[in-house]
Amino acid sequence: MSWKRNYFASGSSGLQGIFTPRTMTSIAPSKGLINEPGQNSCFLNSALQVLWHLDIFRRSFRQLTTHKCMEDSCIFCALKSIFVQFQFSSEKVLPSDALRCALAKTFQDEQRFQLGIMDDAAECFVRALDSSPSPFKLQCIACAILMCDMCWLCYSNQAVRMLECREKPTPDMFGELLRNASTVGDLRNCPGNCGEKLRIRRVLMNSPEIITIGLVWDSDHSDLAEDVIHSLGTVLRLGDLFYRVTEDKAKQAELYLVGVVCYYGKHYSTFFFQTKIRKWIYFDDAHVKEVIIWALCNQ
């Protein structure tokens with residue numbers, strides 16, 4: 001899931017701004033990506049849709065012109081190529097083969113992202129960022145990515161404890177739940193060797209424009225999936241998500257949900273908020289359709 005700042009355009013506020021299209025001349029139609037039988041490229045296609053639709057990443061990446069080319073295994077060149085096609089191609093569905101092949105060759109020794117084999121969309125997302133030139137990569141990380149693996153039993157128990165202290169859930173509960181549940185059981189030995197265990201506290205040292213969070217179940221089936229979806233907040237305060245925030249700008253910052261990558265039935269698909277038309281779009285490989293109401297994503 002990805003949250004970003006400046007969800008609403010200037011001069012608009014509230015939900016009305018979400019569903020009011022801008023002038024049609026600024027719209028670049030969203031494109032699907034090919035995933036033929038046996039390719040198992042849905043993980044890659046989902047990661048690509050996120051990277052392309054994150055405005056700050058797309059605009060910054062397109063401005064890059066120099067890098068250390070790895071020839072036929074160059075992830076950067078392959079990503080550049082697909083971005084050009086996203087922007088200029090008249091085709092409604094595009095191939096992602098070049099990037100798939102570059103990933104396979106780059107990580108052949110690790111046996112990751114190999115042709116025809118399903119892999120992880122979050123790992124693919126991070127590897128694509130890693131392929132960027134160092135200054136840009138550091139900028140991305142600084143603005144950036146938080147991966148949270150947590151036990152959903154702990155998440156559920158934490159939710160119950162928080163609800164017991166309140167009359168009803170509040171809009172900021174999701175950030176608090178993530179912060180508390182992600183540190184349950186995450187203990188370290190005291191550096192002073194006193195024998196005590198210390199809970200890890202996460203401190204945010206900057207003020208990111210984008211936060212990407214990975215929520216991972218520990219099994220293929222979970223009775224808590226519906227509870228998690230219903231507790232999902234579309235506004236995330238950085239002060240709720242981290243134990244401490246050092247920058248004043250970040251302490252009051254609110255980020256808005258713009259993208260969700262889903263994994264169900266051994267298949268990845270993506271929901272993303274298209275900022276140019278202010279509508280949610282559903283991407284399932286080659287299939288692209290508009291989602292009128294955010295609640296439909298719960299299905």
Side-chain angles (χ1 to χ4, degrees), residues 1-2 30-54 57-58 61 67-86 89 91-132 137 140-141 145-152 212-222 225 228 259-272 281-289:
M1 289 181 288
S2 296
S30 296
K31 298 177 174 65
L33 293 165
I34 296 172
N35 183 19
E36 298 289 354
Q39 285 186 326
N40 291 316
S41 293
C42 58
F43 74 93
L44 170 64
N45 293 344
S46 290
L48 268 173
Q49 294 289 5
V50 172
L51 290 169
W52 172 253
H53 284 90
L54 283 173
F57 179 86
R58 180 182 67 252
F61 188 82
H67 71 290
K68 183 179 180 181
C69 185
M70 305 302 292
E71 299 181 350
D72 59 348
S73 62
C74 187
I75 297 173
F76 180 88
C77 286
L79 194 57
K80 270 281 190 181
S81 175
I82 190 67
F83 272 29
V84 169
Q85 293 180 68
F86 269 133
S89 176
E91 299 293 331
K92 294 182 179 180
V93 182
L94 304 173
S96 56
D97 299 6
L99 183 55
R100 186 74 200 264
C101 291
L103 283 166
K105 291 178 180 179
T106 300
F107 299 102
Q108 184 173 6
D109 292 342
E110 302 175 29
Q111 285 299 293
R112 296 297 308 272
F113 310 114
Q114 296 305 291
L115 298 180
I117 300 176
M118 174 70 80
D119 217 296
D120 185 83
E123 288 286 341
C124 182
F125 180 85
V126 172
R127 298 294 190 177
L129 288 179
D130 285 344
S131 71
S132 305
K137 179 168 62 177
C140 289
I141 294 173
I145 301 172
L146 172 70
M147 299 301 293
C148 291
D149 299 342
M150 65 191 70
C151 168
W152 288 109
T212 299
I213 300 177
L215 306 180
V216 183
W217 272 260
D218 56 3
S219 65
D220 291 338
H221 303 282
S222 174
V228 172
V260 180
V261 175
C262 306
Y263 181 71
Y264 180 78
K266 298 184 179 180
H267 179 70
Y268 284 98
S269 59
T270 304
F271 295 90
F272 216 92
I281 307 295
Y282 176 61
F283 300 91
D284 184 2
D285 292 325
H287 304 286
V288 179
K289 67 178 181 179

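Sequential numbering from 1 along the given sequence is applied to the chain's residues. No experiment lies behind these values; they were computed from the predicted model shown.
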> Mind checking whether E123 and F43 have side chains closer than 4.5 Å, heavy atoms only?
Replying inline: no

> Of all residues at least two apart in sequence or in a different chain, which pass the side-chain contact (heavy atoms from CB on, under 4.5 Å) check with E36?
Replying inline: I34, Q39

> What residues form a salt bridge (Lys or Arg N to Asp or Glu O under 4.0 Å) with E71, not counting sequence neighbours?
Replying inline: none

> Would a 4.5 Å heavy-atom cut-off, applied to side chains only, mark L44 and F113 as touching?
Replying inline: no

> For H287, what residues pass the side-chain hydrogen bond (donor to acceptor under 3.5 Å, both in side chains) criterion, not counting sequence neighbours?
Replying inline: none

> side-chain contact (heavy atoms from CB on, under 4.5 Å) with V261: which residues, sequence neighbours excluded?
Replying inline: S46, V50, A121, Y268, T270

> Which residue pairs pass the salt bridge (Lys or Arg N to Asp or Glu O under 4.0 Å) test when at least one of the two sits in residues 92-103, sequence neighbours left out?
Replying inline: none

Run the side-chain donor-acceptor check on residues 76-85: report pairs under 3.5 Å with partners two or more places apart or on a different chain.
unit_1	atom_1	unit_2	atom_2	d
K80	NZ	F61	O	3.1
K80	NZ	R62	O	3.1
K80	NZ	L64	O	2.5

> With a 4.5 Å limit on heavy-atom distance, are the side chains of F107 and I75 in contact?
Replying inline: yes

> Roughly how far apart are S269 OG and Y282 OH, rounded to 0.5 Å?
Replying inline: 3.5 Å

> Where do W52 and F272 land on the side-chain contact (heavy atoms from CB on, under 4.5 Å) test, with the steps shown first?
Replying inline: CA-CA 10 Å; W52 172 253; F272 216 92; over 6 Å; no

> Who passes side-chain hydrogen bond (donor to acceptor under 3.5 Å, both in side chains) against T106, sequence neighbours left out?
Replying inline: none

>> Could you work out, with side-chain hydrogen bond (donor to acceptor under 3.5 Å, both in side chains) as the rule, every residue matching N35, not counting sequence neighbours?
In response: D285

> Does CE in M70 sit with more than 12 non-hydrogen atoms of other residues, nucleotides or ligands closer than 6.0 Å?
Replying inline: no

> Who are the salt bridge (Lys or Arg N to Asp or Glu O under 4.0 Å) partners of K105, not counting sequence neighbours?
Replying inline: D72

> How are the rings of H53 and F86 set relative to one another: parallel (under 30°), tilted (30 to 60°) or perpendicular (over 60°)?
Replying inline: perpendicular

>> Holding to side-chain hydrogen bond (donor to acceptor under 3.5 Å, both in side chains), I want the full list of residues that pass it with D119, two or more places apart in sequence or in another chain.
In response: R112

>> Assess the residue pair I117 and Q111 against the criterion (side-chain contact (heavy atoms from CB on, under 4.5 Å)); give the C-alpha distance rounded to whole Å, side-chain angles, the decisive distance to 0.1 Å, and a yes or no.
In response: CA-CA 10 Å; I117 300 176; Q111 285 299 293; 5.6 Å; no

> If only atom types and distance count, is the side chain of Q49 paired as donor or acceptor with the main-chain N or O of K31 below 3.5 Å?
Replying inline: yes

>> Set out, in order, the CA-CA distance, both residues' side-chain angles and the distance that settles side-chain contact (heavy atoms from CB on, under 4.5 Å) for L51 and L129, then state yes or no.
In response: CA-CA 9 Å; L51 290 169; L129 288 179; 4.3 Å; yes

>> As a quick check of understanding, evaluate side-chain contact (heavy atoms from CB on, under 4.5 Å) for Q108 and S73, giving each step before the final call.
In response: CA-CA 10 Å; Q108 184 173 6; S73 62; over 6 Å; no

